[in-house]
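First comes the structure, then the notes that go with it.
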There are 2 protein chains.
Amino acid sequence: MNVTIKDIAKKAGVSHTTVSRALNDSPLINPETKERIKEIADQMNYTPNFSAKSLVLDRSYNLGLFFSTLDKGTSPNFFYETVRGVNNTIKDKYNLIVRGIDDYERYDRITNKRFDGIIVMSQSERDDAFIAYLLDKRIPHVVLNRHTGNAAVMNILSDDQQGAYRLVEYLVAQGHKRIATIEGREGFKSTQQRMEGCLRALGKHGVELLPQLREQGSYDVESGYAAMRKLLGNRELPTAVFCFNDDMAVGAMKAIAERGLRVPQDISIVGFDDNMFSGFVSPALTTVKRPIEQISRKGAETLLEMIEKKETLNPETIYLHTELVLRESVDRPR
Amino acid sequence: MNVTIKDIAKKAGVSHTTVSRALNDSPLINPETKERIKEIADQMNYTPNFSAKSLVLDRSYNLGLFFSTLDKGTSPNFFYETVRGVNNTIKDKYNLIVRGIDDYERYDRITNKRFDGIIVMSQSERDDAFIAYLLDKRIPHVVLNRHTGNAAVMNILSDDQQGAYRLVEYLVAQGHKRIATIEGREGFKSTQQRMEGCLRALGKHGVELLPQLREQGSYDVESGYAAMRKLLGNRELPTAVFCFNDDMAVGAMKAIAERGLRVPQDISIVGFDDNMFSGFVSPALTTVKRPIEQISRKGAETLLEMIEKKETLNPETIYLHTELVLRESVDRPR
DNA sequence: GTGAAAGCGCTAACAA
DNA sequence: TTGTTAGCGCTTTCAC
């Protein structure tokens, strides 16, 4: 059996109450007693039983990081950077529990006893039921990456629409008029946002988005490849393709290469996200940098604050800026 | 306050013990009573308090997934596939806690009260201290991805050495004699294993590995790029480069392209891992497929079994096979 | 500055 | 088949 505060109490000749207080740095305890108790605890190799602590303090020391899904539509880079951002912020104060929302059939195992707070990395409106559940159960949470439209929740996200706008405007400025899109997973908010930015930019400059140049993707490499192949089936090819993320851009470039065409001389390609990879494919990808790690970090900090203060902060929507990254995958059309 | 079994008991007119038993499907309870209690519980929206359960049952329902590090040397794809593999296996029976071993200064917050079991995705011998700690504390665990040499621990890993052997042998069979290596992070077991396989193959066919053609990398894209640039500084270039993972291979290809050379016509490139990406870079990467998701899955299953049976299974080392994946990045030297 | 006692929500030995 | 009681390890009143 493990060492408990009672064991320490016995050895120190005090009550277990005193031990508890000493170990928690209560100001009530005589500094010397405190010191002595701590030493004994150390030497007995004491570690607190978190289940007991949790029970009485009503805190689990667990933080959840929930993605819409862990299977399809979450790119490895995105996943990695998010976990890293959050993890670096919470350090070892809390346990970080990583989950896909779609892992659950019912949410009732997700309780405020089990999670002190939850970070929702949300990619789809389908998460709204989950978020509503958290709200209902009064589980502190922040929603990253997607605007919920619910005034009660704290949102932190990047201005994808603005990013897409600038990206497409850049394409147009280079002289492109025949622009194709390989869009993200259907129903994902990011897909809609990027499309809207794209449309705004196109509209402003009087360029039309032809229906036959729109392809649906699902944010993974394969889907970019497949979509580009369809695009290449057009009798008149696009001069530039806006892929809604970098992974799909890589797939698209592959399809173009297979066809014997070159990027950017024959077709320009742009992506979105700015993966760790994107500067290293050939040609290096022109894209929009999304501050994923920063969002996660900020999200974690905010959640921590909510938990400590035991109240919902003024729920607001925080936008972090995207950034146009010009590299080599865009040329002027011929 | 949340609903407890006592509330249910009151409403049902039974003792809380009966409620507990009913909810846990004890065979002792009258089926009708059981049914009735369950209904009441449902309707009162009862959810068990896991802290209390944990305290008395001495189980935390937490599973740890520990990487050597979450920062450097863990590639996003690798990370993603591992988490996914484990997560899909444990479903929502347990909470999955993801951590970097190097997040901890001291291990004493890692207790058997807090973790029912731990999966160590180990990449470096530096993890041995951690593994020893788990052994000492009798926390059930499996070690993936690396052979510990400790007879007491369950190992599941891929035969990297054999994979590297076949890969390099293939290179030699294509006629390559001037082969360079961009090696993995120093001290990582995977690095050593792949090097050994490489050396074995080379030795068998009487090919020498020139010191000036060996470069150290650290498993990320940038390091592959930097290493390749150094390699390109040689007056006599290698005809083929073995990059110890696919990420570095991508970086290397970039450096080669920048130099105005072509893969595989001028220099052949091979990687290791078989990322989701690897089939989609141009040229598609010849590499060795490592069954990461399978390893994680198997690891999780094994750990679960250990936990349920409450005993260490016969500790053994399980090797899962790697597979040579021939694509387009290798040509015969000119 | 310290201790006695109660209680967090649950399970389990023992009794009935 | 059900209930009584104790206890898991901890924190927190309340009293001294």
Side-chain angles (χ1 to χ4, degrees), chain A residues 1-38 40-41 44-62 108-116 137 310, chain B residues 1-38 40-41 44-62 108-116 137 310:
Chain A
M1 214 46 224
N2 276 307
V3 184
T4 74
I5 50 171
K6 286 188 186 167
D7 301 326
I8 300 175
K10 212 168 290 172
K11 197 155 197 166
V14 295
S15 78
H16 72 278
T17 313
T18 305
V19 175
S20 170
R21 284 202 266 250
L23 261 22
N24 286 311
D25 261 332
S26 155
L28 299 175
I29 302 289
N30 182 317
E32 281 128 48
T33 327
K34 198 185 278 188
E35 206 42 56
R36 200 165 53 85
I37 290 178
K38 280 187 176 175
I40 297 179
M44 292 182 79
N45 236 313
Y46 168 78
T47 55
N49 181 323
F50 272 85
S51 304
K53 255 182 133 95
S54 295
L55 180 56
V56 51
L57 292 181
D58 211 25
R59 296 160 105 285
S60 62
Y61 299 96
N62 284 165
D108 53 6
R109 317 196 92 183
I110 302 165
T111 66
N112 53 6
K113 305 284 177 210
R114 221 166 172 193
F115 292 97
D116 289 349
K137 292 286 178 185
K310 290 201 170 282
Chain B
M1 213 49 225
N2 276 306
V3 184
T4 74
I5 50 170
K6 286 189 185 166
D7 301 326
I8 300 175
K10 211 168 292 169
K11 196 154 197 166
V14 296
S15 79
H16 72 280
T17 314
T18 305
V19 174
S20 169
R21 286 201 266 249
L23 260 22
N24 286 310
D25 260 332
S26 155
L28 299 175
I29 302 289
N30 182 317
E32 281 126 48
T33 327
K34 198 184 278 187
E35 208 42 57
R36 199 164 55 87
I37 292 178
K38 281 188 174 174
I40 296 179
M44 292 181 81
N45 236 314
Y46 168 79
T47 56
N49 181 323
F50 272 85
S51 304
K53 256 183 132 96
S54 295
L55 180 57
V56 52
L57 291 181
D58 211 26
R59 295 160 106 284
S60 63
Y61 298 96
N62 284 165
D108 53 5
R109 316 197 93 184
I110 302 164
T111 65
N112 53 6
K113 304 284 177 209
R114 221 167 171 190
F115 292 97
D116 289 347
K137 292 287 178 183
K310 290 202 169 284

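Model, not experiment: these values are computed from the prediction. Chain identifiers are assigned alphabetically (A, B, ...) following the order of the sequence lines, protein sequences preceding nucleic acid strands; residue numbering begins at 1 within each chain.
Contacts of Thr33(B) with the nucleic acid, taken as non-hydrogen atoms under 4.0 Å apart, involve only primed sugar atoms and P, OP1 or OP2.
Side-chain N or O atoms of Asp116(B) include one that pairs as donor or acceptor with a backbone N or O of Tyr61(B) at under 3.5 Å. The closest donor-acceptor contact from the side chain of Ser54(B) to the backbone of Arg59(B) lies under 3.5 Å. Between the side chain of Asn24(A) and the backbone N or O of Ser26(A) there is no donor-acceptor pair closer than 3.5 Å.
A donor atom on one side chain and an acceptor atom on the other are found under 3.5 Å apart for Thr18(A) and Ser15(A).
As rounded to whole Å, 16 Å separates atom C1' of dG9(D) from atom CG of Asp58(A). In this entry the distance linking CG of Asp25(A) with P of dT12(D) reads 14 Å, nearest Å. Distance CG (Leu57(A)) to C1' (dG7(C)): 13 Å, rounded to an integer number of Å. Atom NZ in Lys6(B) sits roughly 12 Å away from atom C1' in dT5(D) (whole-Å rounding). In this structure, Ile29(B) atom CD1 and dG3(D) atom C1' are separated by 10 Å, rounded to whole Å. Between the CG atom of Leu23(B) and the C1' atom of dA12(C) there is a distance of 16 Å, rounded to whole Å. Protein atom NZ of Lys53(A) is 17 Å distant from nucleotide atom C1' of dG7(C), rounded to whole Å. Remark: P of dG3(D) and NZ of Lys10(B) are 15 Å apart, rounded to the nearest angstrom.
Counting atom types as modelled, His16(B) pairs a side-chain N or O with a base atom of dT11(C) as donor and acceptor under 3.5 Å. Put simply, the side chain of Thr17(A) and the base of dT11(D) share no donor and acceptor less than 3.5 Å apart.
The Ser15(B) side chain lies nearest to dT4(D) when the options are dG7(D), dT12(D), dT4(D). Between dC10(C), dT11(C), dG9(D), one nucleotide has an atom nearer to the side chain of Ser20(B) than all others, and that is dT11(C). Taking the side chain of Thr18(A) as heavy atoms from C-beta on, and the options dT11(C), dT2(C), dG9(D), the nearest nucleotide is dT2(C).
At the phosphate of dC8(D), neither OP1 nor OP2 sits under 4.0 Å from any side-chain N or O atom of Thr4(A). OP1 or OP2 of dT11(C) sits under 4.0 Å from a side-chain N or O of Asn24(B).
Residue order along DNA chain D, read from the 5' end via each residue's closest nucleotide, puts Arg21(B) first among Arg21(B) and Leu55(A). Between Gly13(A) and Tyr46(B), the residue whose closest nucleotide on DNA chain C is further toward the 5' end is Gly13(A). Residue Leu28(A) is the one, among Pro48(B) and Leu28(A), whose nearest nucleotide of DNA chain C lies closer to the 5' end (criterion: closest heavy atom).
A salt bridge links Asp25(B) and Lys38(B); the closest N-O separation between the charged side-chain nitrogens and carboxylate oxygens is under 4.0 Å.
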